[in-house]
Amino acid sequence: MHRMSTETFDIVVIGAGAAGMTAAAVAAAEGRRVLLVEHARQVGGTTAISGGMVWVPANPIMTEAGMPDSLDEARAYLRSTMPPLDDTRTLEAFLERGPEAIRYLEAKTSVRLQPVKTYPDYYPDQPGATAGGRVLEPVPFDASELGPAFALLRPPLPEFMLFGGMMISRSDIPHLRRMGRSAASAWHVAKLVGRYALQRLRAPRGTTLYLGNALAARLLKSVRELGVELRIGTSVTRLLTSEGGVTGVEIEHGGRRDQVRARAVILACGGISHDASLRPRYMPAGIDALSATVRSGAASSGAALAQAAGARLSAAAGARQGFWVPASTFSRPDGSPAVFPHTVTDRGKPGVIAVDKRGRRFVNEAVSYHEFVLRQLKAGPDALPAWLVCDRRFLWKYGLGSVKPFSLSTWGAVRSGYLKRAGTLAELAREIGVPPDALEETVQGFNADAREGLDTEFGRGSDIYQRHLGDGDRRPNPCVAPIEQAPFYAVAVRPADLGMAAGVVADASARALAADGTPIPGLYVCGNDMESVMNGAYPGPGITLGPALVFGYVAGRHAAAPG
């Protein structure tokens, strides 16, 4: 048995997702010696497979782009879309320090962000909402800048790449849809494929990165350039404490346990989505929800580590404690189980509806993914699961779940049972276990409206967010089209979380709080480990990554400060 060794760093950060890498990079930029510990063999966590959206109101990048915003407008919007908070100080810290965090990261790290000018807040008719700019996205990144460290970066979900490894940007998608009828789009796609082919000569996948993978890559480059010591495949077994404060961590790697002493520990482990002991207390009663987040495999979540050190966790509140997305499940060719999050790729496009077990619609399919699941939960067992139903034309143009657009064959998805297919609506109804007459009546009613560009039942396409999700080539309503070209298809969707709103309660400086409300010396928390400042609401794209970067910055600066 080996003798346990003891090392010393100024700051230890646990978890190498967006929040953890931000905190580590900032602390290192402030001159501190930093250890970044990641249980998985690759960094990036859920950020690396995400859309990479970062929601920060009144940020300097949107200001420079001529898109006015103010914190007062943001406050008005959040008041209209969030349950009221008992204590607003942490939310105020997010709002007031958000612009500061973005300026710092752009100046001191390799993070580069750009405004998404036409991505509305999720409730665009509420006071203070914006049509775009509050949400930022990472500037595309050339992964060849990472050199051999590219292998350390978690890849995106395979279902969001083409040709086994090519990422595409949001602006590429319309070209892919039009390439058969537009010479300009065909040339655009040809250049993308040619570039990808050249990249594959020297890399295991495409090196032009977008979305969350680009953000994770930029943060990985930052921590490496700033001298952070990164240890992958390393777990934290417990926090070291003394006189009520945290003084370091006990780590395990390759069966060896050692201690690391530090002036501060920052938890950024990804939240409680996969914590079997804590997750159930925050789930709606009777719901066995999926998780669309990355499972690190660590034995203890950040929340569990913090709780053992005396930290307070969120009060239980059912559906309010999840950030929800409808998801479908399947097995990949290698046999591994997969969860596909139905965020923006299919539900809001023209020519698909969601039906419950009665064969009836229960929701406006083009609302935000979080709102979709809230309606699903409200509908109860009849909508668990729900079915997304479309026709041949829709499947070819937009895909459905893990079935990509322009798929020449759907045989594998049908054979596995993931994709249901039938020659008539009545046959499809029997395949998915709903009353045939009801499904036929639902589709007939929807089609009658859709031919006029209407949805009299749920008002689909009635605001700018919904229309943004649709297809701008479809007039007059980009969100509706008839379902009429056989064969017909369906995929089952269930509630899944994109992260939990519940977590460790923290103050405005990202310090973990004890049961009596006082900060625990030496313990900080950010990312999904931190109780969300959104109080269970999901007001816009990037409301997990926005606070992750901001409080990663806040934690890194405060932990690194003298004294």
Side-chain angles (χ1 to χ4, degrees), residues 18 47 49-70 73-74 76-78 80-81 95 98-99 102 111-140 156 160 167-177 210-215 323-325 341-350 364-372 398 460-474 478-479 498 534 537-550:
T47 300
I49 66 169
S50 75
M53 297 285 201
V54 176
W55 195 83
V56 178
N59 65 75
I61 297 173
M62 68 184 297
T63 301
E64 292 166 7
M67 306 182 73
D69 190 19
S70 73
E73 287 290 298
Y77 178 63
L78 293 175
S80 68
T81 56
L95 293 172
I102 298 302
V111 171
R112 298 292 180 271
L113 300 167
Q114 59 193 13
V116 186
K117 296 182 179 180
T118 56
Y119 208 122
D121 292 326
Y122 286 169
Y123 304 92
D125 296 332
Q126 292 299 317
T130 64
R134 260 177 201 164
V135 60
L136 306 171
E137 65 179 353
V139 172
F160 289 103
M167 296 194 74
I168 58 172
S169 69
R170 290 181 180 86
S171 61
D172 293 328
I173 295 173
H175 290 289
L176 288 164
R177 292 190 187 128
Y210 301 99
L211 312 176
N213 213 240
L215 178 59
F323 291 131
W324 299 111
V325 64
H342 293 252
T343 49
V344 298
T345 55
D346 48 27
R347 294 177 297 104
K349 299 295 184 292
N364 176 341
E365 295 86 356
V367 295
S368 76
Y369 37 90
H370 180 75
E371 193 67 38
F372 182 102
Y398 307 112
R460 187 158 144 191
S462 59
D463 64 41
I464 59 172
Y465 170 70
Q466 295 173 38
R467 293 192 291 274
H468 175 76
L469 286 191
D471 182 346
D473 291 339
R474 177 74 187 179
C479 296
L498 288 168
M534 299 297 166
Y538 210 121
I543 57 86
T544 55
L545 277 178
L549 294 192
V550 172

Pairs flagged by salt bridge (charged side-chain N to carboxylate O under 4.0 Å, His left out) wherever residues 460-471 is involved - sequence neighbours left out:
E365-R460, K397-D471
Pairs in or reaching into residues 112-123: which pass salt bridge (charged side-chain N to carboxylate O under 4.0 Å, His left out), with residues at least two apart or in two chains?
D121-R134
Quick check: closest heavy atoms across [X] and [Y], and the distance to 0.1 Å?
X	Y	result
K349	V344	NZ-O, 3.0 Å
A65	P115	CB-CG, 4.0 Å
S368	Y123	OG-OH, 4.3 Å
P138	G52	CD-O, 3.3 Å
L545	A18	CD2-CB, 3.6 Å
A131	I464	CB-CD1, 3.8 Å

Using side-chain heavy atoms (C-beta onward) and a distance below 4.5 Å, is [X] in contact with [Y]?
X	Y	value
V56	L549	no
I543	Y122	no
T81	M534	no
P99	M62	no
T544	L498	no
C479	L469	no
H468	T118	yes

When rounded to the nearest 0.5 Å, the distance separating CG of L211 from OG of S169 is 8.0 Å
What is the distance from atom CG of L176 to atom CD1 of I168, rounded to the nearest 0.5 Å?
5.0 Å
Mark yes or no for whether [X], through its side chain, and [Y], through its backbone, hold a donor-acceptor pair below 3.5 Å.
X	Y	result
R347	V367	yes
Y465	A366	no
N59	G133	yes

Partner set under ring-ring contact (aromatic ring centres under 6.0 Å, His included) for F160, not counting sequence neighbours
F340
Partner set under side-chain contact (heavy atoms from CB on, under 4.5 Å) for V116, not counting sequence neighbours:
M53, Y119, V135, E137
D125 meets the salt bridge (charged side-chain N to carboxylate O under 4.0 Å, His left out) criterion, sequence neighbours left out, with none
Quick one: list whatever passes side chain to side chain donor-acceptor pair (under 3.5 Å) with Y538, sequence neighbours left out.
Y369
